[in-house]
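Worksheet for the structure shown next.
Read the numbers this way: they start at 1 and go in the same order the structure lists the ligands and their atoms. Along the sequence shown, residues carry numbers from 1.
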Amino acid sequence: MSEDFSLIIHGGAGALEQIKREGNETDFVKSIHGILEGGRDILSAGGSALDAVEHCAIQLEDDPLYNAGRGSVLNEYGEVEMDAAIMDGQTFQAGAVAGLTAIKNPTLLARKVLEKSEHVMLIGKGAREFAKFCGLPRMSNDYFVVDSRIRQWREAQKVGRMMLDHEAAKPSQKLGTIGAVARDCAGNLAAATSTGGIVNKRWGRVGDSPIVGAGVFADNETCAVSATGYGEQFQRTVLCKMIADFVYFQNMDAQAAALAGIDYLVKKVQGLGGVIVIDRNGKCAVGHSTSGLIYGWIEHGGESLCKLA
Ligand code: ASP
């Protein structure tokens, strides 16, 4: 079996001082490493990029360290509302869900939307009904809401603002959305992004994560991208597609395209966030305008590298 696969996952961008101050760095590195190795098992056995990104995104959703699935941030009413999307770069099919409550793994539902519906995105009550139809597990609110999120939400309410996950109410930042991108041994690309959104966000607000081209994109001819950051800025710049366009029209590799994308984000909207990118040749890259990004990658089947950059 060929070992020429690549995989990157991220656990959000932001100022990571708080994580470092609290000595939680090793928790993140351990988690990222374990999830990457699970992805390696799938890809090295000849599994598809789509299966690998779905698997990694679900593991990240299940880990309360991240702002997705269990451990999602809270909206203005102290509730969890999640967004997720997955895209197959071989078929150009995508599935997305937004404003989702109760469903344990939004990425799993997004995959069902991709495979079993004729649509790209389902939202709210309709998405929950579709999940029921697909027999996906539901959880009570208590499953999703963890203590650290309640404290974070109270801080945000006190100062009356919305913020990224890896961000403290008294300035400094943290955004903990998750994402995964992969290139399998057959050369197919896929991407997934999943999030609880922004702390103290308005009820019904949908960010970039479930929007194809904004928070997620995959095309075998160019690259696979997953984003994290202030969703409104990624929506307005259609940033993930912009990065793919740098590959398509200017023949950039993953590194050059990631950097060009982040430059564009900053230039156009003074955007704050980060991206992970794998190009059609399996080259891995990240870019961020925040001071930090939590990520790990396996490039061309090599050693895994985990970083809180
Ligand atoms: N991009 C996400 C959103 O705006 C937030 C994040 O990346 O932390 O919903």
Legend entry - Residue list, salt bridge (charged side-chain N to carboxylate O under 4.0 Å, His left out) with E221, at least two apart or on another chain: none
Legend entry - For I198, atoms of ligand 1 separated by under 4.0 Å from a heavy atom: 4 (O)
Inset, instruction - State plainly whether the residues K268 and D263 are in salt-bridge range, i.e. N to O under 4.0 Å. - result: no
Inset, instruction - Could you list which atoms of ligand 1 come closer than 4.0 Å to a heavy atom of D208? - result: 1 (N), 2 (C), 3 (C), 4 (O)
Inset, instruction - Using a strict cut-off of less than 4.0 Å between a Lys/Arg side-chain nitrogen and an Asp/Glu carboxylate oxygen, indicate whether R151 and E155 qualify as a salt bridge. - result: no
Inset, instruction - Can you sort out which atoms of ligand 1 are near G197, meaning under 4.0 Å from one of its heavy atoms? - result: 5 (C), 9 (O)
Inset, instruction - Output the list of atoms in ligand 1 that are nearer than 4.0 Å to some heavy atom of T177, sorted by atom number. - result: 2 (C), 5 (C), 6 (C), 7 (O), 8 (O)
Legend entry - Exceeds 12 heavy-atom contacts within 6.0 angstrom, atom CD of Q250: yes
Legend entry - Residue pairs involving residues 236-258 (criterion salt bridge (Lys or Arg N to Asp or Glu O under 4.0 Å); sequence neighbours excluded): K241-D245
Legend entry - Proximity to ligand 1 by part of M82, non-hydrogen separation under 4.0 Å: neither
Inset, instruction - Using a strict 4.0 Å threshold on nitrogen-to-oxygen distance, state whether R183 and D279 make a salt bridge. - result: no
Legend entry - Heteroatom distance test (G229, ligand 1): nitrogen or oxygen, under 3.5 angstrom: yes
Inset, instruction - Go through ligand 1 atom by atom and flag the ones less than 4.0 Å from a non-hydrogen atom of T228. - result: 6 (C), 7 (O), 8 (O)
Inset, instruction - Answer yes or no: does an N/O atom from R205 fall short of 3.5 Å to an N/O atom of ligand 1? - result: yes
